[in-house]
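Okay, so here's the structure we're looking at.
A note on names: the letters A, B, ... follow the listed sequences, proteins ahead of strands, and every chain is numbered from 1.
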Amino acid sequence: AQSVSQHNHHVILSEAASLELGCNYSYGGTVNLFWYVQYPGQHLQLLLKYFSGDPLVKGIKGFEAEFIKSKFSFNLRKPSVQWSDTAEYFCAVNARNAGNMLTFGGGTRLMVKP
Amino acid sequence: DAGVTQSPTHLIKTRGQQVTLRCSPKSGHDTVSWYQQALGQGPQFIFQYYEEEERQRGNFPDRFSGHQFPNYSSELNVNALLLGDSALYLCASHYPGEWAQETQYFGPGTRLLVL
């Protein structure tokens, strides 16, 4: 069974700082990879996804993520965060043999100080 | 275009009781998945319904059951509630597709508290 690890549980940054949130998964086969965001009081929304092709994927609001297959990683990045990026971020994996099931990491709570 | 809707938003039950949660998928979607999100954790997959049948199930006991109606809406039923069932229950819908090629859209969730 696949699993997902997000190593940073809480991150505090000042506005304009750069962001990188780690995500590692354990599964040896082909995967789809996702980052979801949950803003305060709102529901989960898709930030970006990787299915195949260019391992560097760009999402909404200036976020991007890089799939490094050899490291089983899919880290999320943003060059300059804003106060409005304060939210909880979840990495999720879907494995080819797991149908449509998403396996989520434990989440990273990001706070951006104005 | 309405997104995924869930009802009720909050619910309080006591141990041993039964609960039913409801979900209406996003317009055009015919596949519904349910997830449980305990406090401070990521969502965990419970099961998925397609064409009114359970297509896939996660590691949850038989106390958790579901149903999908011809209009694609879905119910999650939990019997013999335990304190540990307290969580946010999320519904997600998507178009049919191969192994999650289709983006799953999540509803706001139902927060269940078991006392």
Given the rule in the side-chain contact (heavy atoms from CB on, under 4.5 Å) test, do A:Lys49 and B:Gln104 qualify, once you have shown the distances and angles that lead to the verdict?
-> CA-CA 11 Å; A:Lys49 60 187 178 184; B:Gln104 296 192 29; over 6 Å; no

Taking side chain as C-beta onward, heavy atoms only, is B:Pro43 less than 4.5 Å from A:Leu44?
-> yes

Within residues 103-114 of chain A, which positions have a heavy-atom distance to chain B below 4.5 Å?
-> A:Phe104, A:Gly105, A:Gly106

For residues 52-60 of chain A against chain B, heavy atoms under 4.5 Å, the residues are none

Is it the backbone or the side chain of B:Gln44 that comes under 4.5 Å from a heavy atom of chain A, or both, or neither?
-> neither

Contact origin within B:Tyr50 toward chain A - heavy atom pairs under 4.5 Å = neither

Part of A:Leu46 within contact of chain B (heavy atom distance under 4.5 Å) | side chain

Return yes when atom OH of A:Tyr50 has more than 12 non-hydrogen atoms of other residues, nucleotides or ligands closer than 6.0 Å, and no otherwise.
-> yes

Please look at A:Gln45 and chain B and tell me whether the side chain, the backbone, both or neither of the residue comes under 4.5 angstrom of a heavy atom of that chain.
-> neither

About how many Å separate CD of B:Gln6 and NE2 of A:His43, when rounded to the nearest 0.5 Å?
-> 10.0 Å

Which residues satisfy the side-chain hydrogen bond (donor to acceptor under 3.5 Å, both in side chains) test with A:Tyr36, sequence neighbours excluded?
-> none

In terms of hydrophobic clustering (I, L, V, M, F, W, Y; side-chain heavy atoms under 4.5 Å; direct or indirect links), are B:Ile12 and B:Leu76 co-clustered?
-> no

Nearest 0.5 Å, what's the CZ-CG distance between B:Phe45 and A:Asn94?
-> 10.0 Å

Work out which heavy atom in B:Gln41 is nearest to a heavy atom in A:Phe90; give both atom names and the distance.
-> O-CE2, 3.9 Å

Only pairs at least two apart or in different chains count here, so list each salt bridge (Lys or Arg N to Asp or Glu O under 4.0 Å) that has a residue in residues 72-87 of chain B.
-> B:Arg22-B:Glu75, B:Arg63-B:Asp85

Joint hydrophobic cluster, B:Leu115 plus B:Val78, side-chain heavy atoms closer than 4.5 Å = no

Atom pair OH (B:Tyr35) and CE (A:Met101), whose distance is rounded to the nearest 0.5 Å | 8.0 Å

May I ask whether B:Tyr105 and A:Leu48 are part of the same hydrophobic cluster, defined by side-chain heavy atoms of I, L, V, M, F, W, Y residues being less than 4.5 angstrom apart, directly or through others?
-> no

Among the clusters formed by ILVMFWY side chains lying less than 4.5 Å apart, do A:Tyr39 and A:Val11 turn up in the same one?
-> yes

Are B:Leu90 and B:Val114 connected in a single hydrophobic cluster, I mean Ile/Leu/Val/Met/Phe/Trp/Tyr linked by side-chain heavy atoms less than 4.5 Å apart?
-> no

